[in-house]
Amino acid sequence: MGAEARELDRRRPSAVESVARGALGMVKVAVIGTGYVGTVAAVSFAAVGHPVVGIENDEHKLSALRSGAVPFYEPGLADLLRDVATAGRLTFTSDLAGAVSSADVVFICVGTPPGPDGRPDLTALRLASRAVGEAASGRTVVITKSTVPIGWGAELAAILDDASEGGDADLAVVSNPEFLREGTAVGDFLYPDRVVLGGEDRDAVDLVAGLYRPILEQSFPQGNRLLRPALIRTDTATAETIKYAANGFLAMKITYINEISRICDTAGADVEMVAEAVGLDHRIERKYLGAGIGFGGSCFGKDLQALTTFGDDHRIPLPVLSAVNPSNQIQRHQVVDKLRSGLGSLRDRRIALLGLAYKPDTDDLRDAPSVTIAAALLGEGADVVAYDPVVKHVEELPQLLTEANAYEAVTGADAVVLTTEWKEFAALDFVAVASLMRGDLLVDGRNWLDPAAVAASGLRYDAMGRRAYQRGDGPAG
Ligand code: UGA
């Protein structure tokens, strides 16, 4: 890899070259896979003016998308999808070959779920890549958006080479990792902190930079010129590593404050105050210092696993990264310990969980801390009941009962645990909650409720690394 390829281009977008087709908004975009990342990318590129076709081979999903419905919960996405579809800029098809052959750029956004050995399962990715190589015609830039193991770019190039042999395609690959958070994905796509493009073919990277131009310059109708993101141009391996390094750091930061919260629990210190004060240091900053029951979701745990697997495969010692997932698991069990010490034996105790999704504004249950906690409580003989505004049942835990609302869930409960910080839980009438419960313990697994307000309703308030409160306790000074 040459020095040129390694050079980071941090020019602000106003200096991004006017790439002919990008500048004219004529780049035809195909997006393979209409899961989370693919749908958000397809809708967002259409929203900033590009003609986009989304490719989906599942007939049910396809007909839902064609009728303007999104097959998962993401605020704002369905409305925007309907707008861009009505404007004629976004269509959906199952005809991968047809869509790819007439596209200038093809985003591969298929899932890379964890395989049985913890490594990402690349089956769908390899199949899609081969299909692209076979179908592509003329100059086509193939962009990886799925989160892929470091080194995937080279494998993709080899698959495309092999699959396109004998055809007229002129293919180039670019790595363009995504930094979308579930629940705020459209905003994260349209107003990102940075756009990362990795590739060894300069023209191909230019073409993709042109595609991002309305976002880089914030020149689309709802753009905010004060929020112009940085463009990072680099080589493929660096782009792939940036994605993992970002997620690994965020996961590590959360886990760090969670370990501090355990110290606070014993020391009688308040982790929220600690995080506030530590976060005022600009080198550290407050974001992702939210202590609680730990991170969940499909990304952090899986990406850390991918990093440590890379370390194992290449004999790179990674003791810090290797410690993050196990420490995150310990944090989930802190809640069970708190319940045990508050209630004694958990056998036949009724515990109500408020929230199941791994975070608010999503219906995603992948690696959700609530599920680990519910399984541990059930394992100790507790009756566990839950309420979540969106998730209505947990397939892997058939014994877990769900109720229609929070008040029904807490009725007769010996203890309540706040497991997801859905907005509606802050508005609960805690006096009513206290009167409906059999016991009086509320464990705030997200350090999210007002301790004094909860305690004033007659409940005993406990949280993660925060002083326990009961009626009569004043606010922290
Ligand atoms: C994460 C990253 O934030 C995105 O930048 C990245 O694109 C995405 O993974 C991905 O790789 O696809 P996401 O998993 O959707 O996004 O959600 P986050 O909002 O980052 O939260 C992850 C988990 O950390 C949640 O369980 C959340 O409750 C927890 N968290 C977050 C904390 O426990 N404390 C905090 O201070 C912040």
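Whatever order the structure lists ligands and atoms in, that order sets their numbers, starting from 1. Along the sequence shown, residues are numbered consecutively beginning with 1.
Looking at K253, its side chain never comes within 3.5 Å of a backbone N or O of G248 through a donor-acceptor pair. Side chain of K338 to main chain of D462: no donor-acceptor pair is present (N/O by atom type, distance under 3.5 Å, no hydrogens or angles).
In L289, the part holding a heavy atom less than 4.0 Å from any atom of ligand 1 is the backbone. Only the side chain of I254 comes within contact range of ligand 1, with a heavy atom under 4.0 Å; no backbone atom does.
The aromatic rings of F220 and Y191 sit tilted relative to each other, their planes meeting at an angle between 30° and 60°.
Taking only non-hydrogen atoms, the option from T362, T420, L180 nearest to atom 4 (C) of ligand 1 is L180. Between atom 28 (O) of ligand 1 and the options E182, E178, R446, M464, the minimum heavy-atom separation is to R446. Scanning Y358, F295, F300, Y244 for the heavy atom closest to atom 1 (C) of ligand 1 points to F300.
The closest approach between K243 and ligand 1 falls below 4.0 Å for a heavy atom of the residue. G296 counts as a contact of ligand 1, since one of its heavy atoms falls under 4.0 Å from the ligand. Residue C299 places a heavy atom under 4.0 Å from ligand 1.
A cation-pi arrangement, defined by a distance under 6.0 Å to the six-membered ring centre and an angle within 45 degrees of its axis, is present between R194 and F179.
Here the protein heavy atom with the shortest distance to atom 5 (O) of ligand 1 is F179 O, 3.2 Å. For atom 34 (N) of ligand 1, the nearest non-hydrogen atom of the protein is G290 O, 2.9 Å. Of the protein's non-hydrogen atoms, R181 CG, 3.3 Å is the one closest to atom 3 (O) of ligand 1. For atom 21 (O) of ligand 1, the closest non-hydrogen atom on the protein side is K359 CD, 3.9 Å. Closest to atom 20 (O) of ligand 1 among all protein heavy atoms lies Y288 OH, 2.7 Å.
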* Asked: Should F295 and Y358 be marked as a ring pair (Phe, Tyr, Trp, His ring centres under 6.0 Å) after you check the CA-CA gap, both sets of side-chain angles, and the distance that decides it?
  -> CA-CA 8 Å; F295 61 78; Y358 81 97; 9.9 Å; no

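At a threshold of 4.0 Å, the pair E276-R286 counts as salt-bridged, since one of the basic side-chain nitrogens sits closer than that to a carboxylate oxygen. By the 4.0 Å N-to-carboxylate-O rule, E74 lies too far from R181 to be salt-bridged with it. Residues R466 and D265 are not paired through a salt bridge, judged by the lack of any N-O separation under 4.0 Å between the basic side chain and the carboxylate.
Inter-residue side-chain proximity for F300 and I254 is flagged as met; some heavy-atom pair is nearer than 4.5 Å.
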